[in-house]
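Below is one structure, written out as C-alpha coordinates, with a few remarks after it.
As a basis for the values below, the full set of heavy atoms in this structure was taken, side chains included, without hydrogen atoms, waters or symmetry mates.
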Amino acid sequence: MHRANPTFEVRTPRAILRGAESLADLVALTLGPVGRAVLIDRTGAPPLIGGDGYTVATHFDVADPVAQSGVQALRNLAWEMSRDHGDGAATAVVLARAVLAGLVRMAAAGHDPQRLGEAVARQAQIIAARIREKAIPAGDGSILAAVATTACGDADLGRTIGDAFEAAGEAGTVIVEAGYGTADEIEKRPGLHFSSGWLSPVFVTDEESGRAIHDDAYILVASGRIEKFDDILPVLEAFVRNRKPLIVIASEVVGEALATLVVNRRKAGAPLCAVTAPGTGAWRAMNLADIAAATGATLIGDESGHRLADIKPAMVGRASRVEIGRNSTTIVGGAADARNLQARLAAIRADIAAARYLAYDREQHELRLARLSGAIATVRIGAPTKAALDHRLTAARCAVAATRSARAGGVVAGGGAALLHAAVQAARTTIGGETEHAAAGVLERALAAPLRAIVANRGRDASYMAGLVAAGSNAADGFDAVGDRYGDLIAAGVVDACELTVEAMLRAVSTAVMLASVAAATVPPAKRNSSRGAA
(Lines give C-alpha, C1' and ligand atoms only; values in the text may rest on other atoms or scores of the structure.)
Protein backbone atom coordinates (compact mmCIF):
# COMPACT_ATOMS: atom_id res chain seq x y z
CA MET A 1 0.00 0.00 0.00
CA HIS A 2 1.34 3.42 -0.95
CA ARG A 3 1.82 5.82 1.94
CA ALA A 4 2.20 9.58 1.52
CA ASN A 5 5.58 11.04 2.45
CA PRO A 6 5.16 13.05 5.71
CA THR A 7 7.80 15.47 4.46
CA PHE A 8 5.58 16.43 1.54
CA GLU A 9 2.57 16.82 3.84
CA VAL A 10 4.46 19.34 5.96
CA ARG A 11 6.29 21.22 3.25
CA THR A 12 3.60 21.56 0.60
CA PRO A 13 0.96 23.51 2.59
CA ARG A 14 3.71 25.76 3.94
CA ALA A 15 4.95 26.50 0.42
CA ILE A 16 1.41 27.19 -0.74
CA LEU A 17 0.94 29.47 2.27
CA ARG A 18 4.09 31.44 1.36
CA GLY A 19 2.58 32.29 -2.01
CA ALA A 20 -0.79 33.16 -0.46
CA GLU A 21 0.90 35.41 2.10
CA SER A 22 2.93 37.23 -0.56
CA LEU A 23 -0.21 38.08 -2.51
CA ALA A 24 -2.41 38.82 0.52
CA ASP A 25 0.17 41.24 1.97
CA LEU A 26 -0.18 43.37 -1.17
CA VAL A 27 -3.95 43.04 -1.42
CA ALA A 28 -4.35 44.01 2.24
CA LEU A 29 -2.86 47.42 1.45
CA THR A 30 -5.96 48.24 -0.63
CA LEU A 31 -8.51 47.43 2.09
CA GLY A 32 -10.68 50.10 3.66
CA PRO A 33 -11.50 53.73 2.90
CA VAL A 34 -7.90 54.74 3.57
CA GLY A 35 -6.41 51.80 1.69
CA ARG A 36 -3.43 52.52 -0.51
CA ALA A 37 -2.66 51.78 -4.13
CA VAL A 38 -0.11 49.30 -5.48
CA LEU A 39 2.12 50.16 -8.45
CA ILE A 40 1.98 47.23 -10.88
CA ASP A 41 4.80 46.78 -13.39
CA ARG A 42 3.68 45.49 -16.77
CA THR A 43 6.32 44.38 -19.27
CA GLY A 44 5.91 46.32 -22.51
CA ALA A 45 3.11 48.50 -21.11
CA PRO A 46 2.88 51.53 -18.81
CA PRO A 47 2.73 50.78 -15.07
CA LEU A 48 -0.74 50.27 -13.64
CA ILE A 49 -2.03 51.77 -10.40
CA GLY A 50 -3.98 49.04 -8.62
CA GLY A 51 -6.38 50.36 -6.01
CA ASP A 52 -8.50 47.23 -5.56
CA GLY A 53 -7.81 43.65 -4.58
CA TYR A 54 -8.90 42.10 -7.87
CA THR A 55 -6.54 44.22 -9.99
CA VAL A 56 -3.59 43.51 -7.70
CA ALA A 57 -4.34 39.78 -7.60
CA THR A 58 -4.43 39.45 -11.38
CA HIS A 59 -0.95 40.98 -11.80
CA PHE A 60 1.09 39.11 -9.21
CA ASP A 61 3.28 35.99 -9.49
CA VAL A 62 6.11 34.32 -7.58
CA ALA A 63 9.01 32.21 -8.85
CA ASP A 64 8.44 29.11 -6.70
CA PRO A 65 5.92 26.95 -8.64
CA VAL A 66 4.34 25.46 -5.51
CA ALA A 67 3.99 28.88 -3.88
CA GLN A 68 2.57 30.09 -7.19
CA SER A 69 -0.24 27.56 -6.84
CA GLY A 70 -1.26 29.40 -3.65
CA VAL A 71 -1.16 32.69 -5.53
CA GLN A 72 -3.24 31.21 -8.33
CA ALA A 73 -5.86 29.82 -5.95
CA LEU A 74 -6.33 33.22 -4.31
CA ARG A 75 -6.30 34.91 -7.70
CA ASN A 76 -9.12 32.62 -8.80
CA LEU A 77 -11.00 33.44 -5.59
CA ALA A 78 -10.66 37.16 -6.33
CA TRP A 79 -11.84 36.58 -9.90
CA GLU A 80 -14.90 34.62 -8.76
CA MET A 81 -15.88 37.32 -6.25
CA SER A 82 -15.48 40.00 -8.90
CA ARG A 83 -17.36 37.95 -11.50
CA ASP A 84 -20.28 36.94 -9.30
CA HIS A 85 -20.57 39.90 -6.93
CA GLY A 86 -18.53 42.77 -8.40
CA ASP A 87 -16.83 43.47 -5.06
CA GLY A 88 -15.34 41.75 -2.01
CA ALA A 89 -12.22 40.38 -3.73
CA ALA A 90 -9.75 41.98 -1.31
CA THR A 91 -11.69 40.86 1.76
CA ALA A 92 -11.90 37.31 0.44
CA VAL A 93 -8.16 37.11 -0.34
CA VAL A 94 -7.14 38.48 3.07
CA LEU A 95 -9.52 36.09 4.83
CA ALA A 96 -8.38 33.06 2.81
CA ARG A 97 -4.75 33.70 3.70
CA ALA A 98 -5.59 34.07 7.40
CA VAL A 99 -7.71 30.90 7.50
CA LEU A 100 -5.04 28.95 5.60
CA ALA A 101 -2.34 30.14 8.02
CA GLY A 102 -4.44 28.96 10.96
CA LEU A 103 -5.07 25.57 9.40
CA VAL A 104 -1.40 25.03 8.58
CA ARG A 105 -0.42 26.02 12.12
CA MET A 106 -2.93 23.64 13.70
CA ALA A 107 -1.93 20.78 11.37
CA ALA A 108 1.69 21.27 12.43
CA ALA A 109 0.51 21.00 16.04
CA GLY A 110 -0.91 17.54 15.32
CA HIS A 111 -4.51 18.11 14.17
CA ASP A 112 -5.78 16.03 11.25
CA PRO A 113 -6.11 18.47 8.29
CA GLN A 114 -9.16 16.75 6.84
CA ARG A 115 -11.19 16.67 10.06
CA LEU A 116 -10.10 20.19 11.01
CA GLY A 117 -11.06 21.52 7.58
CA GLU A 118 -14.52 19.98 7.83
CA ALA A 119 -14.99 21.52 11.30
CA VAL A 120 -13.89 24.95 10.04
CA ALA A 121 -16.42 24.73 7.20
CA ARG A 122 -19.17 23.92 9.72
CA GLN A 123 -18.14 26.82 11.96
CA ALA A 124 -18.16 29.15 8.95
CA GLN A 125 -21.81 28.32 8.30
CA ILE A 126 -22.66 29.11 11.93
CA ILE A 127 -20.85 32.44 11.67
CA ALA A 128 -22.65 33.23 8.40
CA ALA A 129 -25.99 32.67 10.13
CA ARG A 130 -24.97 35.00 12.97
CA ILE A 131 -23.99 37.74 10.53
CA ARG A 132 -27.29 37.44 8.69
CA GLU A 133 -29.18 37.68 11.99
CA LYS A 134 -27.66 41.13 12.55
CA ALA A 135 -28.54 42.50 9.10
CA ILE A 136 -30.79 45.55 8.92
CA PRO A 137 -32.78 46.62 5.83
CA ALA A 138 -31.09 49.06 3.47
CA GLY A 139 -34.09 50.72 1.87
CA ASP A 140 -33.21 54.19 3.13
CA GLY A 141 -31.24 56.36 0.69
CA SER A 142 -28.72 57.44 3.32
CA ILE A 143 -27.87 53.80 4.10
CA LEU A 144 -27.37 53.01 0.41
CA ALA A 145 -25.06 56.01 0.10
CA ALA A 146 -23.17 54.85 3.19
CA VAL A 147 -22.65 51.38 1.70
CA ALA A 148 -21.39 52.90 -1.54
CA THR A 149 -19.06 55.23 0.34
CA THR A 150 -17.62 52.38 2.41
CA ALA A 151 -17.07 50.32 -0.76
CA CYS A 152 -15.38 53.05 -2.84
CA GLY A 153 -13.77 55.19 -0.12
CA ASP A 154 -15.05 58.40 -1.73
CA ALA A 155 -17.90 60.24 0.03
CA ASP A 156 -18.89 62.29 -3.03
CA LEU A 157 -18.94 59.28 -5.32
CA GLY A 158 -20.79 57.27 -2.66
CA ARG A 159 -23.53 59.92 -2.45
CA THR A 160 -23.82 59.99 -6.24
CA ILE A 161 -24.29 56.23 -6.39
CA GLY A 162 -26.80 56.36 -3.53
CA ASP A 163 -28.73 59.02 -5.44
CA ALA A 164 -28.65 56.84 -8.56
CA PHE A 165 -30.20 53.91 -6.69
CA GLU A 166 -32.93 56.16 -5.33
CA ALA A 167 -33.57 57.53 -8.82
CA ALA A 168 -33.85 54.03 -10.29
CA GLY A 169 -36.22 52.87 -7.56
CA GLU A 170 -36.54 49.39 -6.09
CA ALA A 171 -37.40 47.87 -9.45
CA GLY A 172 -34.61 49.62 -11.33
CA THR A 173 -30.90 49.08 -11.68
CA VAL A 174 -27.75 51.19 -11.83
CA ILE A 175 -24.96 50.95 -14.38
CA VAL A 176 -21.63 52.79 -14.57
CA GLU A 177 -20.02 54.37 -17.65
CA ALA A 178 -17.12 56.69 -18.38
CA GLY A 179 -18.27 60.31 -18.51
CA TYR A 180 -17.25 63.16 -20.77
CA GLY A 181 -15.82 65.66 -18.29
CA THR A 182 -14.52 65.91 -14.75
CA ALA A 183 -17.90 65.83 -12.95
CA ASP A 184 -20.07 62.79 -12.19
CA GLU A 185 -23.54 62.75 -13.73
CA ILE A 186 -26.69 60.64 -13.35
CA GLU A 187 -29.06 59.91 -16.22
CA LYS A 188 -32.33 58.08 -15.63
CA ARG A 189 -34.01 56.22 -18.47
CA PRO A 190 -36.70 53.56 -18.75
CA GLY A 191 -35.18 50.11 -18.81
CA LEU A 192 -35.56 46.42 -18.14
CA HIS A 193 -33.34 44.18 -16.01
CA PHE A 194 -33.57 40.43 -15.45
CA SER A 195 -31.41 37.66 -13.94
CA SER A 196 -30.35 35.66 -16.96
CA GLY A 197 -27.20 36.14 -19.03
CA TRP A 198 -25.22 35.07 -22.07
CA LEU A 199 -25.14 31.39 -23.04
CA SER A 200 -21.46 31.34 -24.02
CA PRO A 201 -18.46 33.48 -22.98
CA VAL A 202 -17.67 33.80 -26.68
CA PHE A 203 -20.36 36.52 -26.80
CA VAL A 204 -18.45 38.75 -24.34
CA THR A 205 -17.27 42.07 -25.83
CA ASP A 206 -15.77 43.62 -22.69
CA GLU A 207 -13.30 41.13 -21.20
CA GLU A 208 -12.66 43.20 -18.08
CA SER A 209 -16.30 43.24 -16.99
CA GLY A 210 -17.21 39.90 -18.61
CA ARG A 211 -20.18 41.48 -20.40
CA ALA A 212 -21.53 41.61 -23.91
CA ILE A 213 -22.31 45.28 -24.56
CA HIS A 214 -24.13 46.44 -27.69
CA ASP A 215 -25.45 49.87 -28.63
CA ASP A 216 -28.42 50.36 -30.98
CA ALA A 217 -29.21 46.65 -30.79
CA TYR A 218 -31.95 44.59 -32.41
CA ILE A 219 -33.74 42.06 -30.22
CA LEU A 220 -35.40 38.84 -31.38
CA VAL A 221 -37.84 37.43 -28.81
CA ALA A 222 -39.07 33.86 -29.29
CA SER A 223 -41.16 31.74 -26.94
CA GLY A 224 -40.12 28.38 -28.35
CA ARG A 225 -36.97 26.27 -28.51
CA ILE A 226 -34.49 27.46 -31.13
CA GLU A 227 -32.41 24.40 -31.96
CA LYS A 228 -31.87 23.80 -35.66
CA PHE A 229 -29.60 25.64 -38.05
CA ASP A 230 -32.54 26.41 -40.35
CA ASP A 231 -34.38 28.06 -37.45
CA ILE A 232 -31.82 30.82 -37.06
CA LEU A 233 -30.49 31.15 -40.62
CA PRO A 234 -32.99 33.66 -42.13
CA VAL A 235 -32.71 36.23 -39.38
CA LEU A 236 -28.96 35.65 -39.00
CA GLU A 237 -28.27 36.34 -42.67
CA ALA A 238 -30.16 39.63 -42.52
CA PHE A 239 -28.27 41.01 -39.52
CA VAL A 240 -24.77 39.58 -39.97
CA ARG A 241 -24.65 40.97 -43.51
CA ASN A 242 -25.35 44.50 -42.22
CA ARG A 243 -23.18 44.14 -39.06
CA LYS A 244 -26.14 45.05 -36.86
CA PRO A 245 -26.07 43.82 -33.23
CA LEU A 246 -28.63 41.05 -32.75
CA ILE A 247 -29.67 39.73 -29.34
CA VAL A 248 -31.65 36.48 -29.38
CA ILE A 249 -33.81 35.99 -26.28
CA ALA A 250 -35.77 32.74 -26.24
CA SER A 251 -37.07 29.93 -24.06
CA GLU A 252 -34.04 27.92 -25.16
CA VAL A 253 -31.23 28.40 -27.68
CA VAL A 254 -29.37 25.10 -28.08
CA GLY A 255 -27.78 22.68 -30.53
CA GLU A 256 -27.01 23.80 -34.08
CA ALA A 257 -28.64 27.20 -33.56
CA LEU A 258 -26.41 28.12 -30.61
CA ALA A 259 -23.35 26.67 -32.34
CA THR A 260 -24.07 28.80 -35.42
CA LEU A 261 -24.31 31.97 -33.35
CA VAL A 262 -21.08 31.10 -31.52
CA VAL A 263 -19.17 30.37 -34.74
CA ASN A 264 -20.34 33.60 -36.37
CA ARG A 265 -19.31 35.53 -33.27
CA ARG A 266 -15.92 33.82 -32.92
CA LYS A 267 -14.80 33.63 -36.53
CA ALA A 268 -16.56 36.59 -38.14
CA GLY A 269 -16.74 38.87 -35.13
CA ALA A 270 -20.47 39.30 -35.70
CA PRO A 271 -22.18 41.36 -32.95
CA LEU A 272 -24.39 38.55 -31.67
CA CYS A 273 -25.54 37.21 -28.31
CA ALA A 274 -28.00 34.55 -27.13
CA VAL A 275 -29.86 34.70 -23.82
CA THR A 276 -32.33 32.35 -22.14
CA ALA A 277 -35.37 34.14 -20.76
CA PRO A 278 -35.84 34.17 -16.97
CA GLY A 279 -38.28 31.87 -15.20
CA THR A 280 -39.64 28.44 -16.02
CA GLY A 281 -42.76 27.07 -17.67
CA ALA A 282 -45.66 29.48 -17.92
CA TRP A 283 -43.70 32.18 -16.08
CA ARG A 284 -40.99 32.12 -18.73
CA ALA A 285 -43.60 32.59 -21.45
CA MET A 286 -45.03 35.60 -19.58
CA ASN A 287 -41.55 37.07 -19.09
CA LEU A 288 -40.82 36.72 -22.80
CA ALA A 289 -44.04 38.55 -23.64
CA ASP A 290 -43.01 41.30 -21.20
CA ILE A 291 -39.60 41.61 -22.85
CA ALA A 292 -41.25 41.81 -26.26
CA ALA A 293 -43.55 44.59 -25.03
CA ALA A 294 -40.61 46.53 -23.54
CA THR A 295 -38.58 46.39 -26.76
CA GLY A 296 -41.33 46.71 -29.35
CA ALA A 297 -40.74 43.18 -30.64
CA THR A 298 -43.34 40.73 -31.91
CA LEU A 299 -43.22 37.55 -29.87
CA ILE A 300 -42.32 34.68 -32.19
CA GLY A 301 -43.91 31.33 -31.35
CA ASP A 302 -47.01 29.20 -31.37
CA GLU A 303 -48.93 31.63 -29.12
CA SER A 304 -48.66 34.43 -31.65
CA GLY A 305 -48.80 32.29 -34.76
CA HIS A 306 -45.50 33.70 -36.08
CA ARG A 307 -42.62 31.46 -37.14
CA LEU A 308 -38.90 32.24 -37.31
CA ALA A 309 -38.88 31.30 -40.99
CA ASP A 310 -41.43 34.04 -41.71
CA ILE A 311 -39.87 36.79 -39.59
CA LYS A 312 -39.80 40.31 -40.98
CA PRO A 313 -37.66 43.28 -39.85
CA ALA A 314 -40.67 44.97 -38.23
CA MET A 315 -41.05 42.02 -35.85
CA VAL A 316 -37.66 42.55 -34.24
CA GLY A 317 -37.40 44.84 -31.23
CA ARG A 318 -34.88 47.62 -30.61
CA ALA A 319 -32.93 49.07 -27.67
CA SER A 320 -30.46 51.91 -27.41
CA ARG A 321 -28.14 49.72 -25.31
CA VAL A 322 -28.01 46.14 -24.06
CA GLU A 323 -25.56 44.88 -21.43
CA ILE A 324 -25.43 41.14 -20.85
CA GLY A 325 -23.40 39.55 -18.07
CA ARG A 326 -22.96 35.97 -16.98
CA ASN A 327 -26.16 36.06 -14.92
CA SER A 328 -27.92 39.30 -15.81
CA THR A 329 -29.23 41.32 -18.73
CA THR A 330 -30.00 45.05 -18.81
CA ILE A 331 -31.97 46.56 -21.68
CA VAL A 332 -31.89 50.35 -21.83
CA GLY A 333 -34.09 52.50 -24.04
CA GLY A 334 -36.33 49.78 -25.43
CA ALA A 335 -38.41 50.86 -28.43
CA ALA A 336 -41.72 49.99 -26.81
CA ASP A 337 -45.01 51.19 -28.23
CA ALA A 338 -46.33 53.35 -25.36
CA ARG A 339 -49.94 52.21 -25.79
CA ASN A 340 -49.04 48.50 -25.93
CA LEU A 341 -46.75 48.85 -22.93
CA GLN A 342 -49.44 50.52 -20.82
CA ALA A 343 -51.89 47.80 -21.80
CA ARG A 344 -49.36 45.19 -20.75
CA LEU A 345 -48.86 46.89 -17.37
CA ALA A 346 -52.61 47.07 -16.83
CA ALA A 347 -52.94 43.36 -17.59
CA ILE A 348 -50.21 42.53 -15.05
CA ARG A 349 -51.95 44.64 -12.39
CA ALA A 350 -55.12 42.65 -13.08
CA ASP A 351 -53.12 39.42 -12.68
CA ILE A 352 -51.86 40.67 -9.30
CA ALA A 353 -55.41 41.43 -8.13
CA ALA A 354 -56.62 38.02 -9.30
CA ALA A 355 -53.81 36.26 -7.39
CA ARG A 356 -54.35 38.11 -4.10
CA TYR A 357 -54.91 34.82 -2.23
CA LEU A 358 -52.01 33.00 -3.95
CA ALA A 359 -48.82 34.32 -2.38
CA TYR A 360 -46.34 32.82 -4.88
CA ASP A 361 -48.31 33.83 -7.97
CA ARG A 362 -48.87 37.32 -6.61
CA GLU A 363 -45.13 37.73 -5.93
CA GLN A 364 -44.23 36.59 -9.44
CA HIS A 365 -46.67 39.04 -11.04
CA GLU A 366 -45.38 41.83 -8.79
CA LEU A 367 -41.86 41.02 -9.94
CA ARG A 368 -43.00 41.26 -13.56
CA LEU A 369 -44.62 44.62 -12.90
CA ALA A 370 -41.52 45.93 -11.14
CA ARG A 371 -39.25 44.70 -13.92
CA LEU A 372 -41.37 46.17 -16.69
CA SER A 373 -41.99 49.54 -15.00
CA GLY A 374 -38.48 49.97 -13.59
CA ALA A 375 -35.80 52.41 -14.64
CA ILE A 376 -32.09 52.38 -15.43
CA ALA A 377 -29.94 55.01 -13.74
CA THR A 378 -26.64 55.51 -15.53
CA VAL A 379 -23.80 57.04 -13.50
CA ARG A 380 -21.28 58.72 -15.80
CA ILE A 381 -17.94 59.00 -14.02
CA GLY A 382 -15.78 62.07 -14.51
CA ALA A 383 -12.05 62.56 -13.89
CA PRO A 384 -9.25 64.91 -15.01
CA THR A 385 -6.95 62.16 -16.41
CA LYS A 386 -7.25 58.71 -17.97
CA ALA A 387 -5.50 57.07 -14.99
CA ALA A 388 -7.82 58.79 -12.53
CA LEU A 389 -10.85 57.83 -14.62
CA ASP A 390 -9.85 54.15 -14.66
CA HIS A 391 -9.39 54.22 -10.89
CA ARG A 392 -12.74 55.91 -10.26
CA LEU A 393 -14.56 53.60 -12.68
CA THR A 394 -13.25 50.54 -10.82
CA ALA A 395 -14.21 52.05 -7.46
CA ALA A 396 -17.68 53.00 -8.74
CA ARG A 397 -18.39 49.53 -10.12
CA CYS A 398 -17.38 47.95 -6.80
CA ALA A 399 -19.61 50.43 -4.96
CA VAL A 400 -22.59 49.74 -7.23
CA ALA A 401 -22.18 45.98 -6.72
CA ALA A 402 -21.99 46.40 -2.94
CA THR A 403 -24.99 48.72 -2.88
CA ARG A 404 -27.05 46.37 -5.03
CA SER A 405 -26.22 43.52 -2.63
CA ALA A 406 -27.11 45.70 0.37
CA ARG A 407 -30.47 46.64 -1.11
CA ALA A 408 -31.28 42.95 -1.56
CA GLY A 409 -29.90 41.50 1.67
CA GLY A 410 -29.45 44.36 4.14
CA VAL A 411 -26.36 45.76 5.84
CA VAL A 412 -24.15 44.99 8.83
CA ALA A 413 -21.44 46.90 10.70
CA GLY A 414 -18.57 47.59 8.31
CA GLY A 415 -14.81 47.63 8.53
CA GLY A 416 -14.58 43.90 9.29
CA ALA A 417 -16.38 44.35 12.62
CA ALA A 418 -19.33 42.11 11.73
CA LEU A 419 -17.00 39.23 10.87
CA LEU A 420 -15.02 39.49 14.10
CA HIS A 421 -18.05 39.92 16.38
CA ALA A 422 -19.76 36.87 14.84
CA ALA A 423 -16.60 34.76 15.06
CA VAL A 424 -16.08 35.65 18.73
CA GLN A 425 -19.66 34.80 19.62
CA ALA A 426 -19.47 31.52 17.72
CA ALA A 427 -16.25 30.57 19.52
CA ARG A 428 -17.82 31.28 22.92
CA THR A 429 -20.81 29.06 22.24
CA THR A 430 -19.05 26.22 20.41
CA ILE A 431 -19.97 22.73 21.55
CA GLY A 432 -18.24 19.49 20.66
CA GLY A 433 -14.79 18.04 20.98
CA GLU A 434 -11.26 19.33 20.61
CA THR A 435 -11.46 19.61 16.82
CA GLU A 436 -14.58 21.80 16.90
CA HIS A 437 -12.99 24.14 19.46
CA ALA A 438 -9.77 24.27 17.42
CA ALA A 439 -11.79 25.18 14.31
CA ALA A 440 -13.63 27.94 16.18
CA GLY A 441 -10.28 29.29 17.36
CA VAL A 442 -8.89 29.30 13.82
CA LEU A 443 -11.81 31.38 12.58
CA GLU A 444 -11.83 33.69 15.61
CA ARG A 445 -8.24 34.68 14.81
CA ALA A 446 -8.60 34.63 11.02
CA LEU A 447 -11.78 36.69 10.79
CA ALA A 448 -10.01 39.59 12.49
CA ALA A 449 -7.74 39.91 9.42
CA PRO A 450 -9.79 42.45 7.39
CA LEU A 451 -10.24 44.68 10.46
CA ARG A 452 -6.53 44.46 11.26
CA ALA A 453 -5.62 45.43 7.69
CA ILE A 454 -7.97 48.43 7.70
CA VAL A 455 -6.60 49.63 11.06
CA ALA A 456 -2.99 49.16 9.91
CA ASN A 457 -3.69 51.12 6.71
CA ARG A 458 -4.89 53.98 8.96
CA GLY A 459 -1.59 53.84 10.83
CA ARG A 460 -3.06 52.58 14.10
CA ASP A 461 -2.27 49.59 16.33
CA ALA A 462 -4.07 46.68 14.68
CA SER A 463 -3.67 44.26 17.60
CA TYR A 464 -5.04 46.73 20.13
CA MET A 465 -8.06 47.61 18.00
CA ALA A 466 -8.84 43.97 17.16
CA GLY A 467 -8.79 43.18 20.87
CA LEU A 468 -11.05 46.12 21.65
CA VAL A 469 -13.61 45.09 19.03
CA ALA A 470 -13.49 41.42 20.07
CA ALA A 471 -14.15 42.36 23.71
CA GLY A 472 -17.07 44.67 22.86
CA SER A 473 -20.62 43.60 23.67
CA ASN A 474 -22.31 45.72 20.97
CA ALA A 475 -22.20 43.98 17.58
CA ALA A 476 -22.31 47.37 15.86
CA ASP A 477 -19.13 48.67 17.51
CA GLY A 478 -15.92 48.84 15.49
CA PHE A 479 -13.24 51.07 14.00
CA ASP A 480 -14.27 53.98 11.79
CA ALA A 481 -11.18 54.46 9.61
CA VAL A 482 -12.36 57.75 8.11
CA GLY A 483 -13.25 59.29 11.46
CA ASP A 484 -10.27 57.53 13.10
CA ARG A 485 -12.33 56.46 16.10
CA TYR A 486 -13.95 53.48 17.79
CA GLY A 487 -17.73 53.46 18.19
CA ASP A 488 -21.12 52.48 16.78
CA LEU A 489 -20.49 51.93 13.06
CA ILE A 490 -24.15 51.70 12.08
CA ALA A 491 -24.79 55.14 13.60
CA ALA A 492 -21.65 56.50 11.90
CA GLY A 493 -22.79 55.18 8.51
CA VAL A 494 -19.91 52.68 8.19
CA VAL A 495 -21.78 49.67 6.84
CA ASP A 496 -21.15 46.73 4.52
CA ALA A 497 -23.55 44.65 2.44
CA CYS A 498 -24.49 41.60 4.49
CA GLU A 499 -24.54 39.02 1.69
CA LEU A 500 -21.30 40.32 0.18
CA THR A 501 -19.61 39.95 3.56
CA VAL A 502 -20.98 36.44 4.03
CA GLU A 503 -20.02 35.32 0.52
CA ALA A 504 -16.47 36.64 0.87
CA MET A 505 -16.09 34.73 4.14
CA LEU A 506 -17.60 31.44 2.94
CA ARG A 507 -15.64 31.39 -0.32
CA ALA A 508 -12.41 32.29 1.49
CA VAL A 509 -12.92 29.45 3.96
CA SER A 510 -13.68 26.99 1.17
CA THR A 511 -10.51 27.99 -0.70
CA ALA A 512 -8.34 27.79 2.43
CA VAL A 513 -9.70 24.39 3.47
CA MET A 514 -9.02 23.02 0.00
CA LEU A 515 -5.42 24.31 -0.01
CA ALA A 516 -4.72 23.07 3.53
CA SER A 517 -5.79 19.55 2.57
CA VAL A 518 -3.06 19.26 -0.10
CA ALA A 519 -0.38 16.71 0.84
CA ALA A 520 1.94 17.05 -2.15
CA ALA A 521 2.34 18.93 -5.41
CA THR A 522 3.73 17.96 -8.81
CA VAL A 523 5.90 20.43 -10.70
CA PRO A 524 6.98 20.10 -14.37
CA PRO A 525 10.79 19.78 -14.76
CA ALA A 526 11.12 23.11 -16.58
CA LYS A 527 9.42 24.99 -13.75
CA ARG A 528 11.35 23.04 -11.13
CA ASN A 529 14.69 23.94 -12.72
CA SER A 530 13.58 27.55 -13.24
CA SER A 531 12.63 27.94 -9.58
CA ARG A 532 16.02 26.53 -8.51
CA GLY A 533 17.79 29.02 -10.74
CA ALA A 534 15.73 31.88 -9.38
CA ALA A 535 16.54 30.86 -5.82
Side-chain angles (χ1 to χ4, degrees), residues 191-206 210-280 284-304 306-336 371:
L192 180 72
H193 179 85
F194 56 87
S195 299
S196 184
W198 41 253
L199 294 175
S200 168
V202 171
F203 296 127
V204 169
T205 63
D206 185 333
R211 293 179 296 172
I213 303 174
H214 296 286
D215 292 319
D216 191 20
Y218 290 81
I219 301 172
L220 170 64
V221 186
S223 64
R225 177 187 178 96
I226 302 178
E227 181 177 14
K228 298 178 181 178
F229 173 76
D230 292 341
D231 292 341
I232 201 72
L233 183 60
V235 68
L236 194 60
E237 286 181 335
F239 286 93
V240 170
R241 187 187 311 117
N242 297 317
R243 304 294 297 180
K244 296 291 187 181
L246 176 66
I247 315 301
V248 179
I249 304 176
S251 298
E252 289 184 90
V253 184
V254 295
E256 291 179 352
L258 179 58
T260 301
L261 292 170
V262 168
V263 167
N264 276 271
R265 171 66 194 156
R266 179 189 287 128
K267 294 188 175 180
L272 301 167
C273 191
V275 178
T276 299
T280 58
R284 177 173 288 178
M286 293 181 196
N287 290 330
L288 281 163
D290 294 342
I291 294 168
T295 59
T298 297
L299 182 62
I300 306 300
D302 294 338
E303 299 91 336
S304 62
H306 297 289
R307 299 186 306 157
L308 279 170
D310 303 325
I311 195 168
K312 296 178 174 55
M315 297 178 178
V316 180
R318 298 282 298 273
S320 59
R321 186 179 182 88
V322 181
E323 296 191 10
I324 306 164
R326 185 171 180 264
N327 296 305
S328 65
T329 298
T330 300
I331 300 173
V332 181
R371 184 188 293 132

[X] (side chain) donor-acceptor with [Y] (main chain) under 3.5 angstrom:
{"X": "Asn264", "Y": "Ala270", "value": "no"}
{"X": "Arg211", "Y": "Gly325", "value": "no"}
{"X": "Thr329", "Y": "Ser196", "value": "yes"}

Provide the closest heavy-atom pair for [X] versus [Y] in the form atom of the first, atom of the second, distance.
{"X": "Arg326", "Y": "Trp198", "answer": "N-NE1, 3.5 Å"}
{"X": "Ala294", "Y": "Leu192", "answer": "CB-CD2, 4.1 Å"}
{"X": "Ala250", "Y": "Gly224", "answer": "CB-O, 4.0 Å"}
{"X": "Ala297", "Y": "Gly317", "answer": "CB-N, 3.4 Å"}
{"X": "Phe194", "Y": "Arg371", "answer": "CB-NE, 3.6 Å"}
{"X": "Ile324", "Y": "Cys273", "answer": "CD1-SG, 3.6 Å"}

> Between Leu272 and Leu236, does a side-chain contact (heavy atoms from CB on, under 4.5 Å) hold up when you go through it step by step?
Replying inline: CA-CA 9 Å; Leu272 301 167; Leu236 194 60; 3.7 Å; yes
How would you list, by chain and number, every residue that makes a side-chain contact (heavy atoms from CB on, under 4.5 Å) with [X], sequence neighbours excluded?
{"X": "Ala217", "value": "His214, Pro245, Ile247, Val322"}
{"X": "Ala274", "value": "Leu199, Phe203, Val253, Leu258, Leu261"}
{"X": "Arg321", "value": "Glu177, Ile213, Asp215, Glu323, Val332"}
{"X": "Ala289", "value": "Leu299, Arg344"}

Nearest 0.5 Å, what's the [atom1]-[atom2] distance between [X] and [Y]?
{"X": "Asn287", "Y": "Ser223", "atom1": "CG", "atom2": "OG", "result": "12.5 Å"}
{"X": "Thr295", "Y": "Ile219", "atom1": "OG1", "atom2": "CD1", "result": "5.0 Å"}
{"X": "Lys312", "Y": "Thr298", "atom1": "NZ", "atom2": "OG1", "result": "10.5 Å"}

My understanding is that only residues two or more places apart in sequence, or in another chain, count here; which of them pass side chain to side chain donor-acceptor pair (under 3.5 Å) with [X]?
{"X": "Asp230", "result": "none"}
{"X": "Thr330", "result": "His193"}
{"X": "Arg265", "result": "none"}
{"X": "Arg225", "result": "Glu227, Glu252"}

> Hey, which of Val221, Leu220, Ile226 is the one that makes side chain to side chain contact (heavy atoms under 4.5 Å, CB included) with Ile300?
Replying inline: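 Exactly one candidate clears the test, Leu220.
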> Taking it one step at a time, do Leu288 and Ile249 satisfy side-chain contact (heavy atoms from CB on, under 4.5 Å)?
Replying inline: CA-CA 8 Å; Leu288 281 163; Ile249 304 176; 4.0 Å; yes
